[in-house]
Amino acid sequence: MLVTGLEILKKARAEGYGVGAFNTNNMEFTQAILEAAEELRSPVILALSEGAMKYGGRALTRMAVALAQEARVPVAIHLDHGSSYESVLKALREGFTSVMIDKSHEDFETNVRETKRVVEAAHAVGVTVEAELGRLAGIEEHVAVDEKDALLTNPEEARIFMERTGADYLAVAIGTSHGAYKGKGRPFIDHPRLARIAELVPAPLVLHGASAVPQELVERFRAAGGEIGEAAGIHPEDIKKAISLGVAKINTDTDLRLAFTALIREALGKNPKEFDPRKYLGPAREAVKEVVKSRMELFGSVGKA
Ligand SMILES: O=C(COP(=O)(O)O)N(O)CCCCO
Ligand code: NA
Ligand SMILES: [Zn+2]
């Protein structure tokens, strides 16, 4: 069933498990994510970025909303990294049930003002809001303290920000970053900072840039002809610890992309004569579904629907 992001995340934070927000740009990702959720009886958040909405248009948004309504588990349709009030309005018009307004690159007062404006519009139509405070950036442990403070979420500021904006959940910067290169080896995650934020912010917390970038997937991608450098993601233990501290929404996009692309490269390499798209998109879809299922196991959302 189609529910708001807060309905899913409030329960998750209260009961100490995480829920995956998985990005989709097409039919295969959407099917993989929803099938995994139904098979594991897990709530799930289908995340569409502005780029996904541009790429898939009505075909994607209509499919996502319709399948979410028919799903036998709770599903929220979420605008990932909404960059403007107008972009959020478009998502609201498409029937999204969760929207992110990301003004984390602006100064504090601008972020508060813009976020508050989106909260008023979204709440008026029963949709819940994710905001962001702090800058996503992989930080080496030796990074100077004041530089960390400039980048990472300030716990006291977070409390004030949530009180002034009325946002429903908060994306925090504690050392993660988007993409396949999150730092050399095991990225440093500032758990004490997260614990402090969670003490001051009762709302569900959100972790962006949370993909694991597992070495076996990186190697499989390379073996199939992909080119990727010294890739590294967030260690599963750091994800579990973050969930125990108050993270309820965990964003995964890179791991799905790597799996999908590796399988397509393998299928095309194996049979150069093949030109039925279902023969390479189908196995790629299955690979995405397996990654989603393993993430749900890690987050503890299996059986929580
Ligand atoms: O936080 C994330 C995903 O993080 P990751 O790259 O670790 O999968 N997202 O918000 C997805 C970003 C979509 C645009 O690229
Ligand atoms: Na988001
Ligand atoms: Zn993100």
Side-chain angles (χ1 to χ4, degrees), residues 4-6 8-9 12 18-26 29 32-33 44-56 60 64 76-84 87-88 91 96-105 115 118 122 127-138 153 167-183 186-187 189 203-214 217-218 221 228-229 231-236 238-239 242 247-261 288 291-292 294-296 298-299:
T4 66
L6 187 60
I8 289 176
L9 297 175
V19 174
F22 300 99
N23 290 80
T24 182
N25 294 285
N26 65 17
F29 275 64
I33 294 161
V44 71
I45 296 171
L46 260 185
L48 282 70
S49 66
E50 290 173 346
M53 290 179 77
K54 201 163 163 188
Y55 174 79
L60 181 65
I77 305 292
H78 175 75
L79 172 67
D80 192 25
H81 289 290
S83 63
S84 68
S87 170
V88 166
F96 282 49
T97 56
S98 177
V99 289
M100 178 185 191
I101 178 68
D102 180 1
K103 290 289 183 182
S104 57
H105 52 284
T115 300
V118 163
V127 172
T128 54
V129 180
E130 175 183 335
E132 181 164 339
L133 189 65
R135 307 286 163 82
L136 276 190
T153 306
D168 299 291
Y169 20 109
L170 179 68
V172 294
I174 53 170
T176 60
S177 59
H178 289 141
Y181 307 98
K182 299 185 194 296
R186 179 166 171 167
I189 301 298
L205 301 176
V206 182
L207 200 58
H208 283 245
S211 273
V213 192
L217 190 49
V218 171
F221 176 75
I228 186 167
I234 305 306
H235 194 284
D238 285 323
I239 297 288
V247 164
K249 175 173 178 278
I250 301 110
N251 288 13
T252 303
D253 183 27
T254 295
D255 289 349
L256 309 190
R257 295 180 178 204
L258 279 173
F260 195 71
T261 310
V288 169
V291 171
V292 171
S294 66
R295 298 296 278 171
M296 290 172 165
L298 173 65
F299 302 157

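In listed order, ligands and their atoms are each counted from 1.
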Ligand-residue contact atoms, ligand 1 with [X], heavy atoms, under 4.0 Å:
X: D80; result: 9 (N), 10 (O), 11 (C), 12 (C), 13 (C)
X: G179; result: 6 (O)
X: H81; result: 10 (O)
X: H178; result: 1 (O), 2 (C), 3 (C), 4 (O), 6 (O), 9 (N), 10 (O)
X: R257; result: 15 (O)
X: K182; result: 5 (P), 6 (O), 7 (O)
X: S211; result: 5 (P), 7 (O), 8 (O)
X: T254; result: 5 (P), 6 (O), 8 (O)

Ligand 1 to [X] polar contact by distance, N or O atoms, under 3.5 Å:
X: D255; result: no
X: H208; result: yes
X: T252; result: no

Report task. Give the minimum heavy-atom separation between K182 and A210, together with the two atoms involved. Result -> NZ-N, 4.4 Å

Requested in this report: Assign the ring pair Y169 / H78 to parallel, tilted or perpendicular, where the plane angle (0 to 90°) is split at 30° and 60°.
Outcome: tilted

Whether the side chain of [X] engages the backbone of [Y] through a donor-acceptor N/O pair (distance < 3.5 Å, no angle test) should be reported.
X: T176; Y: H208; result: yes
X: T24; Y: N26; result: yes
X: R295; Y: G20; result: no
X: D168; Y: L6; result: no

Report summary line: The option among G209, S49, A212 carrying the non-hydrogen atom nearest to atom 4 (O) of ligand 1 is G209

Requested in this report: Report the distance from atom CG of L133 to atom OG1 of T153, rounding to the nearest 0.5 Å.
Outcome: 5.5 Å

**Report entry** OG on S49 to OH on Y55, rounded to 0.5 Å
**Finding:** 12.0 Å

Requested in this report: Identify the protein heavy atom lying closest to atom 13 (C) of ligand 1, giving its residue, its atom name and the separation to 0.1 Å.
Outcome: D253 OD2, 3.5 Å

Query - Angle subtended at the Zn ion (ligand 3) by H208 ND1 and H178 NE2, rounded to 10 degrees - result: 130°

Query raised in the report: In D80, what N, O or S atom is nearest to the Na ion (ligand 2), if we give its atom name?
Result: OD1

Report summary line: Counting heavy atoms under 4.0 Å, the part of A180 that contacts ligand 1 is neither

Query - Contact flag H78/the Na ion (ligand 2), N/O/S atoms, threshold under 3.0 Å - result: yes

Report summary line: Given the options N25, N23, V288, L256 meets side chain to side chain contact (heavy atoms under 4.5 Å, CB included) only with V288

Query raised in the report: Is the shortest distance from a Lys or Arg side-chain nitrogen in E130 or K249 to a carboxylate oxygen in the other one below 4.0 Å?
Result: yes

Query - Test of ring centre spacing under 6.0 Å for F260 and F29 - result: yes

